[in-house]
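Note that the structure is a prediction, hence the values are computed from the model and not measured.
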Amino acid sequence: MIETKRVVRILTDLEGINEDLLNLYEDIQRNIDPRDRVARAEGPRRLAEYAEKLDAFDAVSGELRELIERITGVDMRREVESTTPRTDEANKRALAQLQRMQPRSLTEDFTSTRPFGLVFIGRAYADVRTWRRVYQFVCQQLAERDPARYNKLPDISPFRDNLTSRFERGPQGFHVPLPLALDLYCEANVSARGITANVCRLLAYFGIPESELVIYLREERDAEEVG
């Protein structure tokens, strides 16, 4: 029998690689010097080539993750939901683990980082290893907090403005659909900066201060072990 934890770790590592490559794309884009004539000419061409290869990798990686889930019976959405602390004691243990680390706010730039956990409205989750899982966790908590308001996300702005911020009631139309609570979907192929921007929009829509969400990052030695 294949151990579930092993499968979850492999799927998480695959997600992390996708995110690292996407975040690197943004770093390269931001570091093109507009004063450098050669960079201005070569930069867009190289970025276009990178984007083409990244799209192909994302497609194959997504198909591989789906195949692994089907073969092993592991559902990553259920894993996210089932590992959320449901008791006060479990929440205390998760909080104690996270509070040994440095808290980070949503206003920071997380481009070159990977998450370790978060605390949202007093609830802690100490084993969230990719930014898309941060997004899933936040959406799960918002769906439980106010399901009626959450269900309106596909119908209102700014959550219909573009692919990276859109919510839908099915996976169609997304490059890499990410299943969320209450059968909503969003685009998974979004950078760390894009995800934190979307989270800020969600918090504003639900009337929740950004200070209610605290991020904890993996230490560099942990990131090196995973990378």
Side-chain angles (χ1 to χ4, degrees), residues 1-25 54 56-87 89-104 110-120 123-141 171 174-181 185-192 194-196 199 213-227:
M1 183 176 180
I2 302 174
E3 185 182 13
T4 298
K5 287 184 178 180
R6 177 188 173 196
V7 176
V8 170
R9 186 181 70 249
I10 291 170
L11 292 172
T12 301
D13 286 347
L14 279 172
E15 289 179 2
I17 292 170
N18 282 85
E19 291 184 352
D20 286 344
L21 289 171
L22 184 58
N23 291 336
L24 179 59
Y25 174 90
L54 182 57
F57 179 82
D58 287 339
V60 172
S61 176
E63 291 171 2
L64 180 58
R65 291 197 305 272
E66 289 177 5
L67 179 60
I68 291 172
E69 289 194 44
R70 288 202 309 271
I71 292 173
T72 62
V74 172
D75 185 331
M76 287 297 283
R77 176 168 54 175
R78 290 199 181 96
E79 287 298 317
V80 171
E81 295 172 357
S82 65
T83 53
T84 302
R86 298 295 181 182
T87 67
E89 187 59 35
N91 192 56
K92 286 179 183 177
R93 288 196 298 270
L95 277 171
Q97 183 179 0
L98 292 174
Q99 287 173 346
R100 295 195 293 265
M101 307 171 71
Q102 182 179 352
R104 308 279 185 155
F110 296 112
T111 298
S112 59
T113 66
R114 287 196 190 180
F116 179 84
L118 65 151
V119 177
F120 184 40
R123 304 302 295 178
Y125 185 52
D127 191 25
V128 53
R129 302 303 181 99
T130 63
W131 290 106
R132 68 181 62 178
R133 298 304 162 190
V134 169
Y135 203 27
Q136 277 187 311
F137 177 84
V138 169
C139 288
Q140 174 69 27
Q141 300 307 304
F174 294 114
H175 295 311
V176 184
L178 180 65
L180 302 172
Y185 289 81
C186 70
E187 176 61 48
N189 192 31
V190 181
S191 68
I195 286 174
T196 52
V199 168
L213 177 58
V214 181
I215 303 289
Y216 295 86
L217 301 178
R218 243 186 286 189
E219 296 180 8
E220 284 190 9
R221 65 174 180 272
D222 295 331
E224 289 171 358
E225 288 172 2
V226 174

- Task: Under the side-chain contact (heavy atoms from CB on, under 4.5 Å) rule, what do W131 and V199 come out as? Steps first, then yes or no, please.
- Result: CA-CA 11 Å; W131 290 106; V199 168; over 6 Å; no
- Task: Would you check, one step at a time, whether the test side-chain contact (heavy atoms from CB on, under 4.5 Å) holds for Y125 with V134?
- Result: CA-CA 9 Å; Y125 185 52; V134 169; over 6 Å; no
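One distance of note links CZ of R132 with CG of L180; it measures 11.5 Å at 0.5 Å rounding. Taking CD1 of I2 as the start and OG1 of T72 as the end, the distance is 6.5 Å to the nearest 0.5 Å. Here R218 contributes atom CZ and T130 contributes atom OG1; the two are 8.5 Å apart, rounded to the nearest 0.5 Å. Taking CZ of R93 as the start and CG of L95 as the end, the distance is 11.5 Å to the nearest 0.5 Å. With rounding to the nearest 0.5 Å, the separation of CZ in F137 from CG in L118 is 5.0 Å. Remark: R114 CZ to E19 CD distance equals 7.5 Å, nearest 0.5 Å.
Under the 4.5 Å side-chain criterion, counting only non-hydrogen atoms from C-beta, I215 is not in contact with T196. Side-chain contact check for Q140 versus F120: every heavy-atom pair is 4.5 Å or farther apart. Between F110 and N23, the closest side-chain pair of non-hydrogen atoms is not below 4.5 Å. Residues Y135 and V190 are not in side-chain contact: their nearest non-hydrogen atoms beyond the backbone lie 4.5 Å or more apart. Looking only at side-chain heavy atoms (C-beta outward), V119 and Q99 stay at 4.5 Å or farther from each other. Within the 4.5 Å cutoff, the side chain of F174 has no heavy atoms near those of the N189 side chain. In this structure, the side chains of Y216 and P103 come closer than 4.5 Å at one or more pairs of heavy atoms.
For the residue pair L98 and A124, the shortest heavy atom distance occurs at CD1-CB, 4.0 Å. Of all non-hydrogen atoms in A181 and C139, the two that sit nearest each other are CB-O, 4.2 Å. When all heavy atoms of A188 and L178 are compared, the pair lying nearest together is CB-CB, 3.7 Å.
Scored by the ring pair (Phe, Tyr, Trp, His ring centres under 6.0 Å) test, Y185 finds no partners at all (sequence neighbours excluded). E187 meets the salt bridge (Lys or Arg N to Asp or Glu O under 4.0 Å) test with no other residue; sequence neighbours excluded. Applying the salt bridge (Lys or Arg N to Asp or Glu O under 4.0 Å) criterion to R104, with sequence neighbours excluded, gives E108. Residues passing the salt bridge (Lys or Arg N to Asp or Glu O under 4.0 Å) test with D58, sequence neighbours excluded: none. For Y25, the ring pair (Phe, Tyr, Trp, His ring centres under 6.0 Å) partners at least two apart in sequence or on another chain are Y50.
Q136 contributes a side-chain N or O that, together with a main-chain N or O of P179, makes up a donor-acceptor pair within less than 3.5 Å.
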Name the atoms and distances for all side-chain donor-acceptor pairs under 3.5 Å in residues 61-71, with sequence neighbours left out.
residue: S61; atom: OG; partner: N18; partner atom: OD1; Å: 2.9
residue: S61; atom: OG; partner: R65; partner atom: NH1; Å: 2.8
residue: R65; atom: NH1; partner: N18; partner atom: OD1; Å: 3.3
residue: E69; atom: OE1; partner: M76; partner atom: N; Å: 3.4

